[in-house]
**Q** 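What follows is a single structure, and I will ask about it in a moment.
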Amino acid sequence: MSATALRSHRAGELTRAHVGRQVRLGGWVHRRRDLGGLVFIDLRDRAGLVQLSFNPDWTPPAVMARAAGVGAETVVLASGVVALRPEASRDTSLGSREVEVHVTDLEVVGPAQTPPIPVARKEKEELPAEELRLKHRVLDLRRPELQRNLLLRHRLLQRTRQTLTDLEFLEIETPILTKPTPEGARDYLVPSRVHPGEFYALPQSPQIYKQLLMVAGYDRYFQIARCFRDEDLRADRQPEFTQIDLEASFVGPEDIQEIVERVLVDLWGEAGVEVARPFPRLTHREAMERYGIDKPDLRYGLEIRDLTPLLGGDAAPFLGEARAAGGRLRGIVVPGGATLTRKELDTLTSAARDARAGGLIWARRTAAGWEGQGVKAVGQRLLDALAGAEGDLLLAVAGPDTVTSPALHAVRTALTRRPGTAPATPHAFAWIVDFPLFEHDAESGLHVPAHHPFTAPHPADRDLLVGEPWRVRALHYDAVYNGNELGSGSIRITDPAVQHRIFELLGIPEAEIRRRFGFLLDGLAAGAPPHGGFALGFDRITMLLAGASSLRDVIAFPKTTAARALFEGAPTPVSADDLRGLHLQPLDD
RNA sequence: GGGGCUGUAGCUCAGCUUGGUUAGAGUGCCGCACUGUCACUGCGGAGGUCGCGGGUUCGAGCCCCGUCAGCCCCGCCA
């Protein structure tokens with residue numbers, strides 16, 4: 001398959017089986033070693049490296065001279081015979097392979113300037129600054145590590161298509177030029193030339209389109225969808241990103257969860273990791289209670305306990321006050337944690353403080369009993385009531401759940417990151433279900449949708465919608481892996497009246513409901529099947545499976561944290577003429 | 001919008017704490033030598049607006065202010 005008009009094989013695919021064969025290779029000069037009378041070149045292509053051997057015994061003088069002159073990253077065509085390496089230099093510990101090519105002809109077809117950043121790195125040589133890697137992206141993309149990542153990405157894409165196709169999903173494309181329908185994040189806007197003053201928006205997700213495809217009767221849809229959000233970036237957030245987007249009709253939450261599990265199991269399988277189905281399920285309330293976060297890392301135990309019922313009269317007064325104000329005392333018992341040093345405890349304390357806790361209470365159980373600053377704080381009675389063993393460490397935080405949950409999650413995370421802490425299992429998937437439908441927005445005092453406004457309320461809670469909307473659970477579910485949110489989904493509202501009611505609850509005026517969501521409401525009124533779906537963050541999944549620490553390492557041409565493209569140089573100013581053509585004019589500052 | 005870290009040779013870094021002669025190392029690059037290397041080796045050489053602007057000082061890579069860029073985090077991201 002790799003044979004073309006210009007080459008017979010890829011460099012990296014030659015093995016012992018090719019010995020004696022006449023081959024023609026095309027590739028990049030990875031490294032050159034010139035011994036005077038002999039020259040060796042490591043030739044690199046997508047498949048890997050092979051050594052080209054130039055020796056007067058088989059290489060004409062003119063070719064010898066040419067080989068001695070080629071610089072790094074030059075593209076050459078080399079002809080010769082595959083040979084076993086001399087016994088002494090075969091298969092050394094440095095990973096040299098068994099075969100090399102005895103070159104009889106060498107042609108430079110792509111001369112290269114000396115690369116500003118190295119492609120071939122020495123062992124343990126630091127990577128160039130990320131700014132330079134992004135600026136000289138073609139060179140960086142030549143690195144075997146990035147080639148591996150993008151190869152894996154390709155395989156994951158194909159596997160996704162295969163799995164969903166096998167499950168009778170149809171791949172249907174939705175528009176990139178869409179209608180601005182704010183879903184929370186800021187839209188990228190595209191001015192219309194033919195309609196002065198009007199704009200398209202790039203999709204934050206194909207959400208409404210895929211719902212309309214269900215109304216249109218396509219039953220099962222998926223798309224590897226490019227999405228756009230004009231928000232500030234992080235290591236795991238890019239302004240344009242890819243999600244595996246799917247939707248199905250006549251389904252309940254379990255149907256979608258089973259489908260998504262199949263996709264995830266296959267993707268992890270593609271990366272060589274076996275995963276068991278079904279994934280454990282945890283309600284949102286349980287997750288918050290036991291782990292303090294809605295995306296718990298279940299590779300570790302260290303669950304949070306409510307210590308409030310154990311509090312005795314000998315506890316410090318501030319705990320009574322916290323309790324009177326509606327707060328609780330919650331904590332984690334760390335088996336064997338009594339050996340933590342004072343410095344480590346300080347680190348945990350600052351983790352809790354950074355999460356806005358007043359402090360961290362701690363006590364360790366030694367042969368002599370409990371000791372530490374926490375003894376006085378929580379009181380001897382609580383410690384007696386706490387079923388503990390020698391070597392235990394108690395870490396606790398007091399206050400309202402909005403303080404103790406994030407603080408204890410931070411403490412738990414810090415505990416798991418200590419060197420030498422082994423996870424109970426390397427791959428922990430889970431479903432978090434029964435999310436609340438609304439979230440309280442502290443700033444406005446209003447209720448805002450916890451996810452998006454198309455999520456169906458839990459049938460059992462429907463009566464609460466009018467009086468106590470904040471108590472309503474949603475048919476919403478998240479897929480979580482090792483403390484990472486892989487994606488989320490829900491059963492959607494299909495009754496246009498209910499959907500309308502939700503918009504009203506969110507305080508959207510009638511005229512705006514019509515203007516922004518009229519096409520959705522009309523669609524639902526055309527006869528909507530019950531439906532629901534899911535979206536998986538594909539870049540993040542690839543990053544996790546590639547073992548990369550940044551999304552930028554699994555995207556061919558990523559943006560910087562300031563949303564710039566350093567390689568091609570975007571965004572860029574445009575001429576006044578171009579702006580006029582789009583009926584735009586710059587503001588004078 | 002806010003906070004932190006970084007910016008010195010093509011690349012990776014040292015020098016900054018305590019301002020003072022000509023800013024160093026490794027690697028890459030150039031030249032010479034070298035017939036089994038694989039991070040080839042040996043010898044020689046070139047290579048610097050210390051991110052940019054301003055200030056303090058007799059004197060600034062080093063101190064101060066501002067600014068730009070990259071990265072990390074908070075806000076934000078249904």
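Numbered from 1 within each chain, the chains take letters A, B, ... in sequence-line order.
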**Q** Nearest-Å distance, CG (A:D354) to C1' (B:rG4)?
**A** 12 Å
**Q** Please report the distance separating the C1' of B:rG70 from the corresponding atom of B:rG54, rounded so that it comes out in whole Å.
**A** 24 Å
**Q** What interatomic distance, in whole Å, is found between C1' of B:rG26 and the corresponding atom of B:rA9?
**A** 12 Å
**Q** Let's see if you can work this out: which of B:rC77, B:rG36, B:rA69 has an atom nearest to the side-chain heavy atoms of A:R229?
**A** B:rC77
**Q** Considering only atom P, compute the distance from B:rG28 to B:rG10 and round it to an integer number of Å.
**A** 16 Å
**Q** Whole angstroms only, please: what is the CZ-C1' distance between A:R32 and B:rU35?
**A** 16 Å
**Q** Between B:rG36, B:rG75, B:rC77, which nucleotide gets closest to the side-chain atoms of A:R237?
**A** B:rC77
**Q** When the ring planes of A:W58 and A:H102 are compared, do they come out parallel, tilted or perpendicular, using 30° and 60° as the limits?
**A** parallel
**Q** Tell me which nucleotide, if any, is Watson-Crick or G-U wobble paired with B:rA69 when both distances must be under 3.5 Å.
**A** B:rU6
**Q** Would you kindly give the CG-to-C1' distance between A:D187 and B:rC76, to the nearest whole Å?
**A** 15 Å
**Q** Which listed nucleotide (B:rU12, B:rU35, B:rG70) is nearest to the side chain of A:E130?
**A** B:rG70
**Q** Taking only N and O in the side chain of A:R33, is any of them less than 4.0 Å away from OP1 or OP2 of B:rU37?
**A** no
**Q** Please classify the nucleic acid contact of A:A562 as base, sugar-phosphate, or nothing, using heavy-atom distances under 4.0 Å.
**A** sugar-phosphate
**Q** Classify the nucleic acid contact of A:A120 as base, sugar-phosphate or nothing, counting any heavy atom under 4.0 Å across all strands shown.
**A** nothing
**Q** Please work out if A:E73 contacts a base, only the sugar-phosphate, or nothing of the nucleic acid, heavy-atom cut-off 4.0 Å.
**A** nothing
**Q** Could you work out which one of B:rG70, B:rU12, B:rU37 sits closest to the side chain of A:L132?
**A** B:rU12
**Q** A:R552 side chain: which of B:rC76, B:rU35, B:rC71 is closest?
**A** B:rC71
**Q** Classify the angle between the aromatic ring planes of A:F517 and A:F503 as parallel (below 30°), tilted (30 to 60°) or perpendicular (above 60°).
**A** parallel
**Q** Given A:H500 and A:E510, is the side-chain hydrogen bond (donor to acceptor under 3.5 Å, both in side chains) satisfied, shown in steps?
**A** CA-CA 9 Å; A:H500 196 272; A:E510 181 62 30; 3.0 Å; yes
**Q** Which part of the nucleic acid, if any, lies within contact of A:S550, taking any heavy atom under 4.0 Å across all strands shown: a base, the sugar-phosphate backbone alone, or nothing?
**A** nothing
**Q** Ignoring hydrogens and geometry beyond distance, is a side-chain donor-acceptor pair present between A:T494 and A:R492 at under 3.5 Å?
**A** no
**Q** Has A:D461 got a side-chain atom pairing as donor or acceptor with A:R473's backbone, closer than 3.5 angstrom?
**A** yes
**Q** What is the distance from CD of A:E231 to P of B:rC77, rounded to the nearest Å?
**A** 6 Å
**Q** Could you state the atom-to-atom distance from CG of A:D236 to P of B:rC72 in whole Å?
**A** 9 Å
**Q** Determine the interatomic distance between C1' on B:rG53 and the same-named atom on B:rG7; round to the nearest Å.
**A** 16 Å
**Q** Ignoring the backbone of A:P116, work out which of B:rG10, B:rC38, B:rG75 is nearest its side chain.
**A** B:rG10
**Q** Once you round it to whole Å, what is the distance between P of B:rC40 and NE2 of A:H30?
**A** 9 Å
**Q** Kindly say whether, by distance alone, the side chain of A:R234 makes a donor-acceptor pair under 3.5 Å with the base of B:rG75?
**A** yes
**Q** I'd like to check the ring-ring contact (aromatic ring centres under 6.0 Å, His included) partners of A:F228; sequence neighbours left out, ordered by chain and number.
**A** none
**Q** Using atom C1' in both nucleotides, what's the gap between B:rG20 and B:rC62 to the nearest angstrom?
**A** 12 Å
**Q** When only distance counts, do a donor and an acceptor, one from the side chain of A:R121 and one from the base of B:rU12, lie under 3.5 Å apart?
**A** no
**Q** So what does A:L127 touch, heavy atoms closer than 4.0 Å: a base, only the sugar-phosphate, or nothing?
**A** sugar-phosphate
**Q** Where the side chain of A:L35 is defined as all heavy atoms beyond and including C-beta, which of B:rC40, B:rC71, B:rG1 is the nearest nucleotide?
**A** B:rC40
**Q** Among the candidates B:rG70, B:rC34, B:rG36, find the nucleotide nearest to the side-chain atoms of A:D34.
**A** B:rC34
**Q** Applying ring-ring contact (aromatic ring centres under 6.0 Å, His included), name anything that partners A:F199, two or more places apart in sequence or on another chain.
**A** none
**Q** May I have the distance from A:F54 (atom CZ) to B:rC34 (atom C1'), rounded to whole angstrom?
**A** 18 Å
**Q** Considering just the side-chain nitrogens and oxygens of A:T114, establish if one lies under 4.0 Å of OP1 or OP2 belonging to B:rG28.
**A** no
**Q** Return the value, rounded to whole Å, for the distance between atom CG of A:L551 and atom C1' of B:rC77.
**A** 13 Å
**Q** I'd like the C1' distance from B:rC11 over to B:rG48, given in whole Å.
**A** 14 Å
**Q** Would you mind telling me which of B:rC38, B:rC72, B:rC29 lies closest to the side-chain atoms of A:D42?
**A** B:rC38
**Q** Using OP1 and OP2 only, check whether a side-chain N or O of A:R31 sits under 4.0 Å from B:rC40.
**A** yes
**Q** Cut-off 3.5 Å, side chains only: do A:Q223 and A:T174 have a donor facing an acceptor?
**A** yes
**Q** When all nucleic acid strands are considered with a 4.0 Å heavy-atom cut-off, which category describes A:T561: base, sugar-phosphate, or nothing?
**A** base
**Q** Reading RNA chain B from 5' onward, which residue's closest nucleotide shows up sooner: A:P56 or A:Q243?
**A** A:P56
**Q** Counting side-chain heavy atoms from CB outward, which of B:rG36, B:rG28, B:rC71 is closest to A:W58?
**A** B:rG36
**Q** Given the structure, check if the side chain of A:E100 and the base of B:rG36 hold any donor-acceptor pair shorter than 3.5 Å.
**A** yes
**Q** Using the P atom in both, what is the distance from B:rU8 to B:rC13, to the nearest Å?
**A** 9 Å
**Q** When you compare B:rC74 with B:rG66, how far apart are their P atoms, in angstrom units rounded to a whole number?
**A** 25 Å
**Q** Is a side-chain donor-acceptor pair under 3.5 Å present for A:D297 with A:Y291?
**A** no
**Q** Is A:R133 touching bases, backbone alone, or none of the nucleic acid, heavy atoms closer than 4.0 Å?
**A** nothing
**Q** Return whichever of A:A72 or A:P115 has its heavy-atom-nearest nucleotide of RNA chain B closer to the 5' end.
**A** A:P115
**Q** B:rC77 pairs with which nucleotide, Watson-Crick or G-U wobble, both distances below 3.5 Å?
**A** none
**Q** Is there a Watson-Crick or G-U wobble partner for B:rC30 with both distances under 3.5 Å, and if so, which one is it?
**A** B:rG44
